[in-house]
Participant: 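Attaching a single structure in structure tokens format; questions to follow.
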2 protein chains.
Amino acid sequence: MSETNHKQGPETRARILDAAESLFTTHGFEATSMRMITGQANVNLAAVNYHFGSKDALIQEVFRRRLTDLNRRRLAALEMAERAAEGKPLKPSRIVEAFFGVSLDMAADTEGGGATFMRLLGRTYTEPNAFVRQFLAEEYAEVVDRFMGALYDALPDVPREEILWRFHFMMGAMSYAIAGTDALRLFTGDFDDKDPARLAPRLMSFLLGGLRAPLPGLQAMDDSARRNAA
Amino acid sequence: MSETNHKQGPETRARILDAAESLFTTHGFEATSMRMITGQANVNLAAVNYHFGSKDALIQEVFRRRLTDLNRRRLAALEMAERAAEGKPLKPSRIVEAFFGVSLDMAADTEGGGATFMRLLGRTYTEPNAFVRQFLAEEYAEVVDRFMGALYDALPDVPREEILWRFHFMMGAMSYAIAGTDALRLFTGDFDDKDPARLAPRLMSFLLGGLRAPLPGLQAMDDSARRNAA
DNA sequence: GTCTATATATCGATAGAC
DNA sequence: GTCTATCGATATATAGAC
């Protein structure tokens with residue numbers, strides 16, 4: 001900080017990242033221009049390319065700075081549950097709570113920006129942009145490996161593909177839970193917005209109910225046959 | 001068809017809609033240009049504005065042409081279940097199967113383009129574009145009213161907000177189910193892509209398990225308190 | 001590290017000939 | 001109804017002064 005000519009210095013990067021995170025969440029990647037970002041961050045238009053190199057690199061950094069911490073905390077929660085089990089197999093509900101509890105903790109952080117980020121993250125799993133998906137998959141590789149391994153051990157009699165799909169379904173439910181009423185308001189005005197603290201127990205009950213549901217029959221009936229049966 | 005100068009006539013509209021639906025699904029609305037659409041549809045660039053008026057109007061028509069039929073079929077499935085119940089209250093599982101069964105039927109239609117559309121639709125619930133969300137909410141109003149009313153009657157002892165949230169979670173799980181492995185491949189190469197017919201029973205088991213899950217406690221504990229309890 | 005000015009490309013939309 | 005040509009706005013990115 002002893003040089004000349006850097007009126008805002010290290011704050012500039014963080015201000016750009018905060019503005020980008022917020023605008024990406026509200027408008028999407030493509031609809032958010034560099035001018036919108038630098039305008040909201042109150043920095044010069046050229047600052048984004050100076051600090052990050054390109055818009056795509058900025059997108060990556062918006063995810064990386066939060067995801068590193070989020071996944072570290074998810075792994076820490078899993079390891080804490082494993083230590084508490086003292087070598088015994090983990091209950092599936094403990095594994096689910098480790099993963100989704102940490103996620104909902106971050107989603108509840110409205111001041112620090114975690115809530116904004118989790119809305120963005122939930123949407124980005126189905127984001128069409130190929131390079132964003134590729135980047136996310138790499139960031140998640142270790143966490144998915146660890147949690148899937150734990151669930152395989154906890155549910156040795158359940159086919160692994162069933163576990164994979166159910167975890168995938170749980171991610172979808174969480175994504176919509178976090179998007180909540182900010183997403184499409186199909187259920188207009190009927191949500192209990194006044195008590196967001198209830199969201200976590202609501203979602204967790206639903207997820208565990210889905211995870212523990214009876215396995216579907218092995219026969220792959222088509223839909224109309226299934227609906228007309230018994 | 002007795003005029004001059006319309007070499008492709010009524011096919012042009014449909015070809016534009018098909019191309020737009022496919023490209024919107026693959027790249028998103030903003031990243032899909034008119035030139036990409038008219039190029040893939042093999043029509044002139046000016047044809048989109050001639051037939052639809054604007055890009056936004058084209059987006060609306062892409063949804064409208066499929067959603068009208070989809071929601072009509074959903075309502076028909078609900079009415080059929082109600083007739084079969086002969087005045088007795090409907091089982092919640094029948095209601096869920098009416099809504100999501102029809103959805104999965106359309107998602108299984110790969111030749112007619114229904115599968116492409118359902119991927120697009122699932123993503124669009126959380127789409128940031130305001131006018132698209134508004135349009136979707138209007139298209140869904142009647143269906144949501146009818147299905148929510150049926151669920152309220154079927155589950156008179158469950159708080160209505162709980163039902164709303166659980167239906168919302170189910171929509172999220174379905175969205176990810178349909179996006180499937182085309183979305184983010186967190187679970188690399190492990191899905192049983194060879195048997196997509198199993199998806200419907202897989203998802204339906206999960207949804208019903210979640211819907212029937214024990215209700216969360218009324219106390220709104222925060223996450224860490226809940227995880228440390230008992 | 002910040003800023004202005006600008007290069008270059010692509011966007012949605014439309015006027016007007018056929 | 002189709003087509004060419006183009007307008008005007010806006011995008012990302014960068015060169016070069018300070």
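Below, read A as the first sequence line, B as the second, and so on, with proteins coming before strands; counting in each chain starts at 1. It should be emphasised that the depicted structure is a prediction, and the values quoted were computed from it without experimental measurement.
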Participant: To the nearest angstrom, how far is B/Met34 atom CE from C/dG12 atom C1'?
Facilitator: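 Going from B/Met34 (CE) to C/dG12 (C1'), I get 6 Å.
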
Participant: C/dA13 P sits how many Å from B/His51 NE2, rounded?
Facilitator: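 It works out to 16 Å between those atoms.
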
Participant: What is the nucleic acid contact for B/Ala47, judged by heavy atoms within less than 4.0 Å: base, sugar-phosphate only, or nothing?
Facilitator: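 The answer is nothing, as B/Ala47 stays clear of every strand by at least 4.0 Å.
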
Participant: For B/Thr38, which contact category applies under a 4.0 Å heavy-atom criterion: base, sugar-phosphate, or nothing?
Facilitator: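 Contact class for B/Thr38: none.
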
Participant: If the threshold is 4.0 Å, N to carboxylate O, is there a salt bridge linking A/Glu127 and A/Arg133?
Facilitator: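 No.
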
Participant: Taking 4.0 Å as the cut-off, does a side-chain nitrogen or oxygen of B/Ser33 come that near to OP1 or OP2 on C/dT10?
Facilitator: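 No, because none of the side-chain N or O atoms of B/Ser33 sits under 4.0 Å from OP1 or OP2 of C/dT10.
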
Participant: Take the angle between the ring planes of A/Phe167 and A/Phe100 and call it parallel below 30°, perpendicular above 60°, tilted in between.
Facilitator: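 Plane angle between 30° and 60°, so tilted.
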
Participant: Taking only the side-chain heavy atoms of B/Arg35 (C-beta and beyond), determine which of C/dC11, C/dA5, C/dA15 contains the nearest atom.
Facilitator: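 The closest nucleotide is C/dC11.
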
Participant: Is any NZ, NE, NH1 or NH2 atom of the basic residue among B/Arg65 and B/Asp18 found under 4.0 Å from an Asp or Glu carboxylate oxygen of the other?
Facilitator: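 A salt bridge is present here (some side-chain N lies under 4.0 Å from a carboxylate O).
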
Participant: Between P on D/dA17 and CG on A/Asn44, what's the gap in Å once rounded to a whole number?
Facilitator: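 One finds 17 Å between P of D/dA17 and CG of A/Asn44, rounded.
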
Participant: Under 4.0 Å: is that the gap between some side-chain N or O of B/Ser54 and OP1 or OP2 of C/dG12?
Facilitator: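 B/Ser54 to C/dG12 OP1/OP2: no side-chain N or O under 4.0 Å.
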
Participant: May I have the distance from A/Lys55 (atom NZ) to D/dA11 (atom P), rounded to whole angstrom?
Facilitator: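 From A/Lys55 NZ to D/dA11 P: 9 Å.
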
Participant: To the nearest Å, give me how far apart CE (A/Met36) and C1' (D/dT10) are.
Facilitator: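 Rounded to whole Å, this separation is 12 Å.
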
Participant: Provide, to the nearest angstrom, the distance between the CG atom belonging to A/Asn49 and the P atom belonging to D/dT14.
Facilitator: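 Nearest whole value for this atom pair: 6 Å.
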
Participant: Whole Å only: how far is the CZ atom of A/Phe52 from the C1' atom of D/dA13?
Facilitator: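 Roughly 16 Å, once rounded to whole Å.
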
Participant: Report the residue from B/Phe206, B/Phe169, B/Tyr176 that forms a ring-ring contact (aromatic ring centres under 6.0 Å, His included) with A/Phe169.
Facilitator: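 It is B/Phe206, the one option of B/Phe206, B/Phe169, B/Tyr176 that forms the ring-ring contact (aromatic ring centres under 6.0 Å, His included) with A/Phe169.
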
Participant: Give the rounded distance in Å between these two atoms: NE2 of B/His27 and P of C/dC11.
Facilitator: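 Rounding to the nearest Å, NE2 of B/His27 and P of C/dC11 are 12 Å apart.
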
